[in-house]
Amino acid sequence: MLDIKLLRTTPDIVRENLKKKFQEHKLPLVDEIIELDRQSRDARTKADALRGRRNSVSKNIGVAMAKGLKDDAEKGKAEVEAMAQELADLEVLEEKLSVLVREKMMIIPNIIDSSVPIGKDDSENVEVERFGEPAVPSFEVPYHVDIMESFNGIDLDSARKTSGSGFYYLCGDIARLHSSILSYARDFMINRGFTYCIPPFMIRGDVVSGVMSFAEMENMMYKIEGEDLYLIGTSEHSMIGRFIDTILEEDALPLTLTSYSPCFRKEVGAHGIEERGVYRIHQFEKQEMIVVCKPEDSADWFVKLYKNTVDFFRSLDIPVRTLECCSGDLADLKVKSIDVEAWSPRQKKYFEVGSCSNLGEAQARRLGIRVKNKEKGNYFAHTLNNTVTAPPRMLIAFLENNLQADGSVAIPEPLRPYMGGQKGLLV
RNA sequence: GGAGACGUGGCCGAGUGGUCGAAGGCGGUUGACUCGAAAUCAACUGAGCGGCUUGCCUGCUCCUAGAGUUCGAAUCUCUACGUCUCCGCCA
């Protein structure tokens with residue numbers, strides 16, 4: 001959500017941005033909003049004047065009553081009553097217009113960063129950089145479920161019976177690997193100065209509607225029957241929700257947080273949920289990073305954030321690349337976004353394992369996350385979020401890249417302490 | 001789950017129909033004193049939106065939310081939501 005003042009004063013910036021995002025169909029909205037905003041302020045001004053008059057007359061009635069001047073008091077009452085209908089009508093109009101302006105403003109996308117590549121859809125996303133050699137071994141790399149099964153590490157059949165498709169039992173060393181990766185990811189981020197948090201895994205409806213659009217809510221969130229509670233789709237939901245309607249002290253910034261949570265997603269409309277395996281599932285776990293900072297710092301934090309993920313994967317010998325989201329594929333709330341993709345030696349291509357986003361002030365404006373400042377006045381913070389790692393999907397990359405010719409899986413050095421010192425998993 | 005209490009500014013807390021946007025305190029900022037923001041004293045210190053004469057100007061809105069009573073509501077009525085305490089249950 002943009003500042004309406006930006007639209008009032010420099011509508012061309014907003015129009016230009018719409019064109020860059022290939023949303024020409026929204027261009028008429030700009031003038032519509034400007035006109036509605038003008039009407040809205042006009043109604044507001046008139047209503048304010050009437051309310052002001054009512055307030056002062058009412059005060060005088062009090063004074064007159066105290067002095068026992070009955071006639072003066074009655075005269076005042078009559079005057080207020082006379083303007084009551086006009087005020088009531090104006091207030092209805094005021095409400096109607098301001099809701100309309102807000103609704104339409106919600107549809108206007110955030111101004112994208114000047115560095116975002118222009119493109120229509122995900123086919124035009126741009127590879128930024130590769131890290132590590134995307135090697136293809138001489139032997140054939142099996143499907144990840146087969147690798148897991150070779151260690152008796154997964155039971156999808158039972159999960160289907162108990163919970164349906166899109167769920168899994170991880171067992172033995174594979175389950176241990178899953179937990180180890182999360183623990184390592186947690187410590188990795190703590191070592192980089194982030195504060196570790198475990199947030200609520202369920203949140204109330206008003207928080208949900210604050211942090212996502214209605215469509216997302218319908219397609220992603222599981223609701224607890226009979227309660228106003230939803231299972232979180234990512235810890236970002238509860239981590240950002242924590243700051244709704246708060247005014248932060250400037251010197252408390254930046255907030256650099258890393259959070260763990262299970263994540264629950266309905267994945268309505270997403271294809272591939274039926275795919276056998278743990279690529280797209282209803283339940284997974286994730287180590288996340290969240291930054292709340294001053295506007296001038298968010299661009300730097302964006303780079304730092306995705307580099308953390310790159311470094312994390314590289315420390316586990318997994319080749320990755322960064323793929324920048326082009327203008328047309330960028331969600332409306334985002335200023336800039338980059339995916340971290342891991343190399344799949346089996347598919348001989350990269351696949352998404354993390355997503356780093358700079359939301360600018362858009363999220364903060366929606367949620368009322370402000371920073372206290374006497375001179376400049378309070379302002380909206382910038383918010384960013386990024387995945388450290390999200391197993392079990394991450395395990396696909398891990399197993400494929402660390403698989404040896406004999407079917408064993410090497411455990412990279414940093415992970416060994418979390419795996420009881422094992423150097424590898426033997427079949 | 002049963003019973004009761006309560007929801008006021010960054011925090012604590014007063015306020016039961018009329019200069020109440022709200023006493024007092026804590027915290028914060030600034031100034032004085034000082035070698036020194038240790039102590040003391042003084043002043044200032046909620047948020048949002050609008051107007052113009054852009055001023056330390058002015059108007060409106062906000063005391064959980066919504067509806068109602070009234071000339072006028074933080075204060076009265078209703079509803080919803082939330083929180084706390086005790087009991088029960090439980091890792």
Side-chain angles (χ1 to χ4, degrees), chain A residues 1-9 33-106 198 200-210 223-230 238 241-253 255 262 292 361-362 364-381:
Chain A
M1 196 169 154
L2 290 177
D3 185 350
I4 188 136
K5 283 176 190 151
L6 183 76
L7 208 131
R8 251 183 237 157
T9 53
I33 294 173
I34 289 173
E35 175 56 19
L36 283 169
D37 174 54
R38 198 193 56 72
Q39 291 176 20
S40 170
R41 271 153 53 221
D42 190 49
R44 176 87 193 226
T45 305
K46 282 181 187 154
D48 276 357
L50 279 182
R51 277 188 290 255
R53 179 68 192 151
R54 184 195 61 192
N55 289 346
S56 70
V57 171
S58 287
K59 236 169 230 174
N60 289 337
I61 293 171
V63 174
M65 300 277 266
K67 287 182 187 160
L69 301 170
K70 265 255 169 80
D71 287 354
D72 286 4
E74 288 306 321
K75 222 183 280 173
K77 285 187 193 182
E79 186 181 347
V80 173
E81 264 169 297
M83 66 174 82
Q85 192 54 50
E86 193 187 350
L87 182 57
D89 291 347
L90 267 173
E91 282 179 341
V92 170
L93 184 66
E94 250 188 309
E95 175 66 14
K96 197 182 103 191
L97 287 169
S98 70
V99 167
L100 217 52
V101 168
R102 191 179 162 83
E103 269 172 9
K104 289 183 190 279
M105 280 301 287
M106 292 281 238
I198 301 174
F201 301 156
M202 297 184 219
I203 51 176
R204 294 206 170 106
D206 59 345
V207 179
V208 177
S209 57
K223 187 175 191 312
I224 306 296
E225 195 174 64
E227 310 229 11
D228 179 27
L229 282 174
Y230 293 78
S238 34
R242 188 179 170 198
F243 301 110
I244 287 180
D245 285 326
T246 54
I247 302 178
L248 300 159
E249 293 294 335
E250 205 163 38
D251 53 18
L253 299 183
L255 301 171
V292 180
E361 63 170 33
R365 180 182 302 282
R366 258 185 86 151
L367 302 176
I369 304 172
R370 286 160 298 166
V371 183
K372 198 179 192 108
N373 186 295
K374 270 235 171 93
E375 290 82 54
K376 291 182 282 180
N378 297 349
Y379 60 88
F380 290 105

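Please read these numbers as outputs of a predicted model, since none were measured by experiment. Side-chain atoms are counted along with the backbone in the values below, which use heavy atoms only and exclude waters and symmetry mates. Order of the sequence lines sets the chain letters (A, B, ...), proteins ahead of strands, with each chain counted from 1.
A 4.5 Å side-chain heavy-atom check between A:E250 and A:Y379 finds at least one atom pair inside the cut-off. Two residues are said to be in side-chain contact when any heavy atoms from C-beta on lie closer than 4.5 Å; A:I244 and A:V207 meet this criterion. A:F243 is not listed as a side-chain neighbour of A:L367, based on a closest heavy-atom distance of 4.5 Å or more.
Salt-bridge formation is not detected for the pair A:K75/A:D71: no Lys NZ or Arg NE/NH1/NH2 atom is positioned less than 4.0 Å from an Asp or Glu carboxylate oxygen. Between A:R54 and A:E91 no salt bridge is recorded (no basic side-chain N to carboxylate O distance below 4.0 Å). Ion pairing of A:K46 with A:D42 is present here, as a side-chain N (NZ or NE/NH1/NH2) and a carboxylate O approach within less than 4.0 Å.
Across all strands shown, B:U54 forms no Watson-Crick or G-U wobble pair with both key distances under 3.5 Å. Both distances falling under 3.5 Å, in either a Watson-Crick or a G-U wobble arrangement, occur for no nucleotide opposite B:A37. Pair assignment for B:A73: none, as no Watson-Crick or G-U wobble contacts are both less than 3.5 Å. Summarising the base pairing, B:A23 is matched to no nucleotide, lacking a Watson-Crick or G-U wobble pair whose two defining distances lie under 3.5 Å. Pairing for B:C6 goes to B:G82, judged as Watson-Crick or G-U wobble with the two contacts each under 3.5 Å. Pairing for B:A14 is absent, with no Watson-Crick or G-U wobble pair whose two atom distances lie under 3.5 Å. Base pairing of B:A91 is not made with any nucleotide, judged by Watson-Crick or G-U wobble geometry with both donor-acceptor distances under 3.5 Å. In this entry B:G48 has B:C60 as its Watson-Crick or G-U wobble partner, both defining distances falling under 3.5 Å.
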Check: Which nucleotides of nucleotides 48-66 of chain B have their base under 4.0 Å from a protein heavy atom (B), which only their sugar-phosphate (S), and which neither (-), written as one string 5' to 3'?
Finding: BBSS-------BBS-----
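Separation of the P atoms belonging to B:G72 and B:U83 is 35 Å when rounded to the nearest angstrom. Here the separation of B:C60 from B:A73, taken at their P atoms, is 13 Å to the nearest Å. On the C1' atoms, B:G24 is 11 Å away from B:G15, given to the nearest whole Å. Going from the P atom of B:C81 to that of B:C26 covers 39 Å, rounded to whole Å. For the P atom pair drawn from B:C6 and B:U75, the interatomic distance equals 15 Å after rounding to whole Å. For the C1' atoms, the distance linking B:G66 with B:U85 amounts to 28 Å, nearest Å. As rounded to the nearest Å, B:A91 and B:G13 have C1' atoms that lie 37 Å from one another. Taking the C1' atoms as reference points, B:A14 lies 13 Å from B:C63, given to the whole Å.
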Protein-nucleotides 26-28 of chain B N/O pairs under 3.5 Å:
none

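Not a single donor-acceptor pair under 3.5 Å links the side chain of A:S40 to the backbone N or O of A:L97. Distance alone, capped at 3.5 Å, is enough to place a donor-acceptor pair between the A:D228 side chain and the A:G205 backbone. Put simply, the side chain of A:N378 gets close to the backbone of A:N373: a donor and an acceptor are under 3.5 Å apart.
For the pair A:L50 CG and B:C71 P, the interatomic distance rounds to 17 Å; values are reported in whole Å. B:U29 atom P lies 13 Å from atom CG of A:N373, rounded to whole Å. When rounded to the nearest whole Å, the span between NZ of A:K59 and C1' of B:U70 equals 17 Å. Distance A:D245 CG to B:C11 P: 12 Å, rounded to the nearest Å. When the P atom of B:G9 is taken as reference, atom CD1 of A:I247 falls 12 Å away, rounded to whole Å.
In this structure, CG on A:D72 lies 9.0 Å from CG on A:N60, to the nearest 0.5 angstrom. To the nearest 0.5 Å, atom CD1 of residue A:I4 and atom CE of residue A:M105 are 4.5 Å apart.
In the region residues 73-99 of chain A, proximity to RNA chain B at under 4.0 angstrom, judged on heavy atoms, holds for A:K77, A:V80.
Taking both residues in full, the closest heavy atoms of A:A73 and A:A64 are given as N-CB, 4.0 Å, listed atom of the first, atom of the second, then distance. Closest heavy-atom contact between A:R365 and A:D3: NH2-CB, 3.1 Å.
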